[in-house]
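Below, chains carry the letters A, B, ... as their sequence lines are ordered, and counting in each starts from 1.
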Amino acid sequence: MATKEKSKTKNITIKIDGQDISVAEGSTILEVARKTNIHIPTLCYHDDLCVAGNCRVCVVEQIGARNLVASCATPAAEGMNILTNSGKVRLARKHIVELLLSEHNADCTKCYKNGNCELQNLASEMLTRDHLFLDLVADRHYSIDKFNPAIIKDDSRCIRCQRCVRTCEELQSVSALEVANKGAHMKISTFYEHPLFEVVCTNCGQCVNRCPTGALIERTYVDEVWDALYNPKKHVVVQTAPAVRIALGEALGMEPGKIVTGKMVAALKRIGFQSVLDTDFTADLTIIEEGHELLSRLKRALVDKDPKVALPMTTSCSPGWIKFIEHTFPEYLPNVSTCKSPQQMFGALAKTFYAQKRGLNPEDIVSVSVMPCTAKKYEADRPEMRSSGHKDVDFVLTTRELAIMIRQAGLDFESLPNEQYDSIMGVSSGAGVIFGSTGGVMEAALRTVYEVVTGKEIPFENLNITPVRGTEGEVRKASLKITGTLPDFNFLEGVELKCVVANSLVYAKRVMQEVRDGKADYHFIEIMACPGGCLGGGGQPIPTSPEIRAKRKAAIYQEDMGMTIRKSHENPEVTAIYKEFLGKPLGHKSHELLHTHYKARQRY
Amino acid sequence: MSELIQRVDLIFGEYSDQKYKVLEEALKRPNDDIIKDLLDSGLKGRGGAGFPTALKWKFTAEVPSDEKYVVCNADEGEPGTFKDREILSRVPRKVFSGMAICGKVIGSNKGLIYLRGEYKFMLPELLKELDTYHEHAKKLNHNFTIEIRLGSGAYICGEESALFESMEGKRGEPRNKPPYPTTSGFMGKPTVINNVETFVNVLMICRIGPVQFRKLGTTDSRGSKVFSVSGDTPKPGIYELELGMPLFQFVDEFGDGDTKAVQVGGASGFCVPRKKFKDTIIGFEGVPTGGSMMIFNSSRSMYNVLHNYLDFFEEESCGQCTPCRVGCQQLRKGIEAVKRGEKPVLYLEQLMKLAETMKITAKCGLGQSVANSFSSIVSNFKEEMIY
């Protein structure tokens, strides 16, 4: 497969549909057409992935060439004369879409992606009324893998564009999904055709984000949540993750990058959740716990010279990352922070602290979370995640599922007023908000750790620690020299704290390989499994692209800047919960409720 | 053999008296000289597609790169061809020499032979012969080694870019083109990939000169060709014949007197019915072939023949691109439905259009060539498809 050509030097001129266009050499015909606002349909093409050129929907006619060419895979060359809408092209495209439909289980009304399906859109564009070809689905034995709590894979809806395969390999270096067999039997499969939950799949859901049809979807809990809401005996609380508030609007017809926190809270209240709370609160709590964990590890290493202390320490908020390291670098599990993710901390507290404060029986509480993530569904199902004595988080909804509920409830989202989170566990800081972006956990942690150690605010303008704000497609490294420490932290005087931030598992793997090969002297590693961090998570609205994620990221940092409290340790509810319930960071109660352990898994 | 058909003894002819003598002489010549000879000879690739060999070599030679490869495509999988097996077992030295000359011309020191998995039995002999080659190459101070890689039985791996993928240890799926192998082939490096027979032809041109070579064949199809003759013929086997002969001569020679059609070029080739024997030239100006000549007499059902080919393609498509993966299934099921009367006769027209779409939209030569046999059989033997 050819990778996208990036080196663009001289300009060339080509003709598209009679229009002369000057473009940089190396652009594909598709890129040129898009720049000229000529729509060429695509299916296997995706902005985030290498060019495959295998669906052939994007074929165009090149005058003088014997065959049609795939515009996504063909570089524009000087003097080319391209027709994107000739009779030959239209018939060929129609044939191709008809062929795809003939082996696709097209009972759209039974499909989760109905109304949000690229194949369906194409079929409607091509006016595929009477199917031209024979139906191949009837005598096929397609398998549906529905045993996973996070992702469902339905081969009967697969059009074999291999977007998922490329996603799994290129973005995530997981390769849980691969192409198996050839010819008519070719399909997307797993190792020995095991169900997804038995293979290396991290449940990150990036494949779900890129699947053009309903072949890969999240397991939905929308109906279960409605049932709970309608059950008068139940008290349903909901928590919303930081990255949901900047993306939810997209799934409801708004432009990417709109902050809809207040409207989302209003919608959740109208839907009927008894208490609308914020995962950002437990994100702040995570910072306190994780920050102290880092400091205690550093102390053991620097003062006690304990050779067994596991450094560098990595973050643990991303369940995709956790599953990945369990499979791929199990020997480094001691390096992972024992802190639960904010979702699970919230769940554990909802059925203990919250129940206590509100005088509720934890058995009557249904704890729902709205996450930008599919891996969170798996995480909530882990046997470790029952420290309240019940399932800490009962149902995990993705951003997309919340959008479905909002539509089902008949709410006009855009005209909703802005409302406030409930209390308790609804107050948060800017530090909690930026958890949704790559580099955010690092920045939030540094804001707190620096101040705990030195008693002073971290010396960055407006607290914006831009050197650790991660970007897609790279591993971001930064270091911070600590001076002027308080007496308790003298051991850190003059220490250069080395941090590294990575998003997408392919970069996570690179960082861990460096660590394994002894080439890294980091202290603290932040990993988020998805491109751009949670804002590009597998549960976020479809479509996704680098541009869309850039807008979401800008919105997250804008939301942070707009907060009055910017540092986790200044969150009054956090201070209160330690005073009233938890005691001290890393204390007995914290260990019981807020920390967890991991399980080494095999690669195969 | 009748006078009309001229048998040639270039490929299978005697070795030179001294081992690797032609190679030794070629190594002394300037590269441009050899390319010019190839250009003058009019040699076109013998795999079936017929790209001028001289140009392929020239383009690759011109690309600056510290690493280049010479690949010999011995993944002989086209139904009805078995000539590369014969060449490799009878005159392997000629193949190695041809590759070594290519290495010199394009500036490569690594040759690879991608041998069809089913030809594993030939490996011991070939490796023995390769040892001799390497000894001589050393003596001649020619830094060019040859390695043999085995395929795993997929027809698609005979497609050059799928072959590279397979040799790189990946799933054998054709790549997008451009880039072509001349700039980005095996391991992304400039690569010449030629058929087994082409390399032998190169060697023979070096030995007898382009003038002598040009005397064989026609303007568009110079030289001789090794044919694999099978089917309803009293004398199946391997024959080296001049290119450019009319099909009726071939049928006169090899037919059983009741020939109704000849499938020229295997499953991916064309079916020529009796009425067109006279006007059909076997060569690049007419019907090209990688060597497969399957003869059918009147006892054969062309429906069955076509069904068999479609079964083959349905199985051997890599499954990557839509037109080929689904198109092959639709064609096979489609003719079944017409035969059973479940679809009207007109449906054949629909299928012909689909075959045309496959021809112009499929990602690689396999999908593009399914239409060859489909259209030629359906249009010439329509009544057999229906009744």
Side-chain angles (χ1 to χ4, degrees), chain A residues 1-3 5 28 43-44 50-62 65-70 72-75 77 88-89 91-104 132-136 139-140 159-162 165 178-188, chain B residues 153-157 161-162 165 170-179 184 188 310-338 342-343 347 350-351 353-368:
Chain A
M1 284 179 205
T3 43
E5 188 74 50
T28 61
L43 271 177
C44 70
C50 85
V51 168
N54 59 27
C55 75
R56 315 307 283 180
V57 165
C58 72
V59 287
V60 293
E61 186 171 351
Q62 182 189 345
R66 193 164 41 111
N67 295 337
L68 303 182
V69 296
C72 70
T74 311
K88 210 169 162 183
V89 168
L91 179 67
R93 280 189 198 151
K94 178 154 187 160
H95 272 166
I96 288 164
V97 172
E98 290 270 5
L99 287 176
L100 286 171
L101 288 172
S102 77
E103 61 166 8
H104 175 82
L132 293 178
F133 305 120
L134 298 164
D135 178 26
L136 301 174
D139 37 337
R140 286 278 182 85
I159 57 166
R160 296 154 182 83
C161 65
Q162 300 190 33
V165 175
E178 271 296 348
V179 180
N181 307 335
K182 60 182 164 56
H185 313 290
M186 181 267 208
K187 66 173 185 176
I188 311 304
Chain B
Y155 170 73
I156 189 61
C157 289
S161 60
E165 290 281 306
K170 302 179 202 149
R171 182 181 157 84
E173 280 184 352
R175 299 173 180 169
N176 288 306
K177 282 170 238 170
S184 175
L310 292 174
D311 259 348
F312 173 79
F313 284 126
E314 198 179 323
E315 197 68 32
E316 292 300 338
S317 157
C318 77
Q320 179 188 191
C321 83
T322 314
C324 180
R325 179 187 67 247
V326 198
C328 291
Q329 299 172 60
Q330 286 292 353
L331 294 183
R332 199 250 312 156
K333 293 215 166 198
I335 60 165
E336 283 175 2
V338 171
E342 291 162 9
K343 279 277 181 189
Y347 191 61
Q350 190 71 266
L351 294 177
K353 282 188 201 156
L354 172 61
E356 180 58 24
T357 293
M358 291 167 70
K359 190 175 196 159
I360 60 173
T361 61
K363 187 168 177 179
C364 80
L366 188 155
Q368 290 163 12

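- Between chain A and the options B:Lys359, B:Lys177, B:Glu314, the largest number of non-hydrogen pairs under 4.5 Å is found for B:Glu314.
- Residue contact with chain A, scored on non-hydrogen atoms closer than 4.5 Å, is absent for B:Cys328.
- A:Ser102 pairs by the side chain to side chain donor-acceptor pair (under 3.5 Å) definition with B:Gln330, not counting sequence neighbours.
- Of the listed residues (A:Arg56, A:Lys94, A:His95, A:Glu98), just one forms a side-chain hydrogen bond (donor to acceptor under 3.5 Å, both in side chains) with B:Thr357, and that residue is A:His95.
- Of the possible donor and acceptor atoms, none in the side chain of A:Lys182 sits under 3.5 Å from a partner among the backbone N and O of B:Gly172.
- When heavy atoms are compared at a cutoff of 4.5 Å, A:Ala70 does not approach chain B at all.
- Note that CG of A:Leu132 is 8.5 Å distant from NZ of B:Lys353, once rounded to the nearest 0.5 Å.
- Of the listed residues (B:Lys333, B:Glu356, B:Gln368), the greatest number of heavy-atom pairs within a distance under 4.5 Å of chain A belongs to B:Lys333.
- Between B:Arg325 and A:Glu103 a salt bridge is recorded (basic side-chain N to carboxylate O distance below 4.0 Å).
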Item to check | Candidate pair B:Gln320 and A:Arg160, rule side-chain contact (heavy atoms from CB on, under 4.5 Å), full reasoning | outcome: CA-CA 7 Å; B:Gln320 179 188 191; A:Arg160 296 154 182 83; over 6 Å; no
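- Of the atoms belonging to B:Glu342, not a single heavy atom falls under 4.5 Å from chain A.
- Heavy atoms of B:Phe313 lying under 4.5 Å from chain A are absent altogether.
- Looking only at distances, a side-chain donor or acceptor of B:Thr322 sits under 3.5 Å from a matching main-chain atom of A:Cys55.
- Considering all non-hydrogen atoms of both residues, A:Phe133 and B:Tyr347 come closest at CA-OH, 3.5 Å.
- A:Leu43 does not touch chain B: none of its heavy atoms, backbone or side chain, sits under 4.5 Å away.
- Here the CE atom belonging to B:Met358 is positioned 8.0 Å from the CG atom belonging to A:Leu99, to the nearest 0.5 angstrom.
- Most heavy-atom pairs under 4.5 Å with chain B, from the set A:Arg140, A:Arg66, A:Lys187: that is A:Arg140.
- Contact annotation for B:Lys343: only side-chain heavy atoms (C-beta onward) come within less than 4.5 Å of a heavy atom of chain A.
- Of the listed residues (A:Gly53, A:Cys44, A:Ala73), the greatest number of heavy-atom pairs within a distance under 4.5 Å of chain B belongs to A:Gly53.
- A:Leu68 CG to B:Ile360 CD1: the interatomic distance, rounded to the nearest 0.5 Å, is 4.0 Å.
- Proximity to chain B involves both the backbone and the side chain of A:Val179, based on heavy atoms less than 4.5 angstrom apart.
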Item to check | Full working for side-chain contact (heavy atoms from CB on, under 4.5 Å) between B:Glu336 and A:Leu134 | outcome: CA-CA 11 Å; B:Glu336 283 175 2; A:Leu134 298 164; over 6 Å; no
